[in-house]
Amino acid sequence: MLAKIEYFQLARALATHAGTRQAVVAQNVANADTPGYKARDTVSFADTLAAQAGGFGLRSTRAGHLHGATGPAAPAIVETGRQNDPNGNGVTIEEETLKAVEVKRQHDRALAIYRSGLNVLRASLGKG
């Protein structure tokens, strides 16, 4: 039931984006000493959502409806293109730590949105 409510789809997409970005940050940290490794990051959630077919306009709610996408697209992973070390490595541990903090905040925000939606549903059913 909750999977069909767009509000919860948005919260799920935000949490999925945070998880993907956390995995990319972890890969960057794991390869911090690898020669020639280029740091990667995901496209921001706002850009991912805006690039989706239709952006904030009409979107499909079921298969075959409006020929649109049924949910937010997966975030694109891009190289940051920086080279900080003489060995060609582009990972800075300090930047990756800051990204990890941003990811935690994004995930916490997704959970808060989800909880808020559940509270609204409970209140509308007279159980909150």
Side-chain angles (χ1 to χ4, degrees):
M1 177 184 123
L2 296 180
K4 294 185 179 187
I5 299 175
E6 206 168 315
Y7 186 81
F8 292 108
Q9 287 178 355
L10 184 66
R12 186 191 79 223
L14 184 60
T16 302
H17 184 272
T20 302
R21 190 166 188 213
Q22 183 63 40
V24 170
V25 168
Q27 288 174 351
N28 287 345
V29 171
N31 289 295
D33 290 332
T34 304
Y37 182 82
K38 303 228 183 312
R40 300 181 318 159
D41 200 358
T42 59
V43 176
S44 72
F45 181 70
D47 291 342
T48 301
L49 195 61
Q52 169 187 352
F56 287 104
L58 297 174
R59 290 191 298 272
S60 72
T61 56
R62 63 184 183 279
H65 180 237
L66 297 176
H67 305 292
T70 56
I77 299 172
V78 295
E79 289 184 358
T80 58
R82 285 182 246 124
Q83 272 189 329
N84 298 331
D85 288 345
N87 67 359
N89 190 300
V91 178
T92 305
I93 295 296
E94 293 83 6
E95 288 180 16
E96 299 306 316
T97 303
L98 291 175
K99 287 179 191 176
V101 170
E102 289 175 19
V103 169
K104 182 186 180 331
R105 288 182 182 158
Q106 184 180 10
H107 192 265
D108 290 346
R109 187 177 310 121
L111 290 176
I113 290 169
Y114 187 78
R115 275 190 222 109
S116 174
L118 286 178
N119 290 338
V120 169
L121 281 176
R122 285 187 192 110
S124 67
L125 295 172
K127 303 200 184 228

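All residue numbers refer to positions in the sequence shown, counting from 1.
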Task: Nearest-0.5 Å distance, CG of residue Leu14 to CZ of residue Arg109 - done: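 Between Leu14 CG and Arg109 CZ, I get 6.5 Å after rounding to 0.5 Å.
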Only counting residues at least two apart or in another chain, list the ones meeting side-chain contact (heavy atoms from CB on, under 4.5 Å) with [X].
| X | answer |
| --- | --- |
| Ala100 | Gln22, Val25 |
| Ser44 | Ala46, Asp47 |
| Ala112 | none |

Under the side-chain hydrogen bond (donor to acceptor under 3.5 Å, both in side chains) test, residues paired with [X] that sit two or more places apart:
| X | result |
| --- | --- |
| Glu96 | Asn28, Lys99 |
| Thr34 | Asn31 |
| Thr97 | none |

Hey, are the side chains of [X] and [Y] touching, using non-hydrogen atoms and a 4.5 Å cut-off?
| X | Y | result |
| --- | --- | --- |
| Thr42 | Thr48 | no |
| Phe8 | Leu118 | yes |
| Tyr37 | Gln27 | yes |
| Leu10 | Phe45 | yes |

Open item on the list: For Ala32, is there any backbone N or O sitting under 3.5 Å from a side-chain donor or acceptor partner on Asn89?
Closed with: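 Present.
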For [X], which fellow cluster members are found when Ile, Leu, Val, Met, Phe, Trp and Tyr are connected by side-chain heavy-atom distances below 4.5 angstrom, either directly or through intermediates?
| X | value |
| --- | --- |
| Val78 | Val43 |
| Val103 | none |
| Val24 | Ile77 |
| Val120 | none |

Task: Qualifying salt bridge (charged side-chain N to carboxylate O under 4.0 Å, His left out) pairs with a residue from residues 13-22, counting only residues at least two apart or across chains - done: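 Passing the test, one end in residues 13-22: Arg21-Asp41, Arg21-Glu102.
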- [ ] Measure across Ala11 and Ala110 and return the closest heavy-atom pair with its distance rounded to 0.1 Å.
- [x]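 Looking at all heavy atoms of both residues, the closest pair is O-CB, 3.6 Å.
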TODO: Applying side-chain contact (heavy atoms from CB on, under 4.5 Å), run through Leu111 and His107 and close with a yes or a no.
DONE: CA-CA 6 Å; Leu111 290 176; His107 192 265; 3.7 Å; yes
Task: Partner set under salt bridge (charged side-chain N to carboxylate O under 4.0 Å, His left out) for Asp108, not counting sequence neighbours - done: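 By the salt bridge (charged side-chain N to carboxylate O under 4.0 Å, His left out) rule, Asp108 matches Lys104.
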Task: Derivation of the side-chain contact (heavy atoms from CB on, under 4.5 Å) call for Asp33 and Val91 - done: CA-CA 8 Å; Asp33 290 332; Val91 178; over 6 Å; no
